[in-house]
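Structure record follows, encoded as structure tokens.
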Amino acid sequence: MRRYWLLKSDPEEFGLEHLARSPRRTTCWSGVRNYQARNLLRDELRRGDGVLFYHSQAKPPAIVGIASVVREGYPDPTQFDSRSPQHDPQSERADPRWFAVDIRFESRLARPLTLPELRAAKGLERMVLLHRSRLSVQPVTAAEWRVVLRLAGTGAAAG
DNA sequence: GCCAACGTTGGC
DNA sequence: GCCAACGTTGGC
């Protein structure tokens, strides 16, 4: 059964436009260094799952697009790269600490759904985004997914 | 830039 | 195992 997720990203670091312009519109979602988020990446995200792409630290913060999971959890290569800011010298290849997935761009929303708008939306009252701070990978229910797509307008703009 | 939330670290 | 100190996220 298809499930749904929300991924946060600072658009100045890596926004939806970066994803849309990546080779095959696909990128390795690396650099997550929070254990709860790690567990989701490693154990829960499945190929074909839907992803809401959220711009954090934006003005205003907003869900801006849709992506999908195209490769399930595998060791995050940046943890082993001593030149990467995400390097984790305590992580060993035989027992990796951090995981990544690959996601692919699917579409832009016809219009961004801002955080205030999400807070005000009927049906999103219990959305994790609105209640738990600092979790960059989080589950979205099928009902919430439908509400978000409906709020975004009929269908998403082609990318 | 401020600061609340909250995860992580490390002394004990 | 507790908890204070510290660092980061991320909204405002």
Side-chain angles (χ1 to χ4, degrees), chain A residues 3-22 27-45 49-69 72-103 105-141 143-145 147-153 156:
Chain A
R3 288 190 290 175
Y4 305 95
W5 311 95
L6 181 144
L7 298 185
K8 294 183 187 175
S9 190
D10 177 349
E12 297 207 355
E13 296 281 332
F14 191 94
L16 187 67
E17 296 312 307
H18 294 94
L19 179 60
R21 292 186 196 128
S22 297
T27 198
C28 169
W29 202 253
S30 62
V32 172
R33 296 293 182 267
N34 167 286
Y35 287 103
Q36 205 173 341
R38 185 279 310 268
N39 292 346
L40 295 175
L41 291 174
R42 186 189 58 193
D43 305 331
E44 304 295 336
L45 275 71
D49 283 356
V51 170
L52 299 176
F53 199 101
Y54 177 82
H55 281 173
S56 62
Q57 314 198 63
K59 297 169 185 175
I63 297 172
V64 294
I66 305 294
S68 65
V69 177
E72 298 177 6
Y74 61 98
D76 177 345
T78 65
Q79 70 194 309
F80 304 124
D81 179 357
S82 60
R83 292 158 305 178
S84 167
Q86 311 298 340
H87 179 229
D88 182 349
Q90 298 190 35
S91 183
E92 298 179 31
R93 285 180 187 277
D95 184 20
R97 180 177 295 185
W98 306 111
F99 285 74
V101 298
D102 286 356
I103 62 166
F105 175 91
E106 296 297 339
S107 60
R108 277 176 204 84
L109 296 190
R111 64 189 186 89
L113 293 178
T114 69
L115 186 57
E117 204 172 349
L118 296 168
R119 287 194 195 287
K122 197 163 189 177
L124 300 183
E125 293 85 355
R126 305 188 64 168
M127 199 172 184
V128 174
L129 180 69
L130 308 180
H131 297 285
R132 199 166 316 163
S133 67
R134 306 181 49 191
L135 184 61
S136 65
V137 178
Q138 48 181 258
V140 172
T141 69
E144 289 162 351
W145 174 268
V147 169
V148 165
L149 292 193
R150 178 168 50 73
L151 288 174

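Throughout, a chain's letter reflects where its sequence line sits, starting with A, and its residues are numbered from 1. In what follows, every heavy atom counts, from backbone to side chain, and hydrogens, waters and symmetry copies are set aside. These numbers come from a predicted model, not from an experiment.
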Find the distance Asn34(A):CG to dT9(C):C1' and express it as a whole number of Å. 10 Å
Nearest whole angstrom, please: distance from the P of dG11(C) to the NE2 of His131(A). 14 Å
Leu129(A) side, atom CG; Ile63(A) side, atom CD1 - distance, nearest 0.5 Å: 6.5 Å
Hey, what do you get for CG (Leu115(A)) to OH (Tyr54(A)), rounding to the nearest 0.5 Å? 4.0 Å
Looking at residues at least two apart in the chain, or sitting in another chain, which of them share a salt bridge (Lys or Arg N to Asp or Glu O under 4.0 Å) with Glu72(A)? Arg46(A)
In whole Å, I'd like the distance from the CG atom of Leu135(A) to the C1' atom of dG7(B). 11 Å
OP1 or OP2 of dG10(C) under 4.0 Å from side-chain N/O of Lys8(A): yes
Looking only at side-chain N and O atoms, does Tyr54(A) come under 4.0 Å of OP1 or OP2 in dT9(C)? no
Round to a whole Å and report the spacing from OH of Tyr35(A) to P of dT8(C). 15 Å
What nucleotide, of dG10(C), dG11(C), dA5(B), holds the atom closest to the side chain of Ser133(A)? dA5(B)
How many Å lie between CG on Asp88(A) and P on dT8(C), as a whole number? 14 Å
Rounding to a whole Å, what distance do you find between Gln57(A):CD and dG11(C):C1'? 9 Å
Would you kindly give the CG-to-P distance between Leu130(A) and dA5(B), to the nearest whole Å? 16 Å
Could you list the donor-acceptor pairs under 3.5 angstrom formed between side-chain atoms of residues 91-100 of chain A and any protein atom two or more places apart in sequence or on another chain?
residue: Ser91(A); atom: OG; partner: Gln79(A); partner atom: OE1; Å: 2.7
residue: Ser91(A); atom: OG; partner: Arg97(A); partner atom: N; Å: 3.0
residue: Arg97(A); atom: NH1; partner: Asp88(A); partner atom: OD2; Å: 3.3
residue: Trp98(A); atom: NE1; partner: Asp88(A); partner atom: OD2; Å: 2.8

Length of the line joining Trp98(A):CH2 and dT8(B):P, which is rounded to integer Å: 7 Å
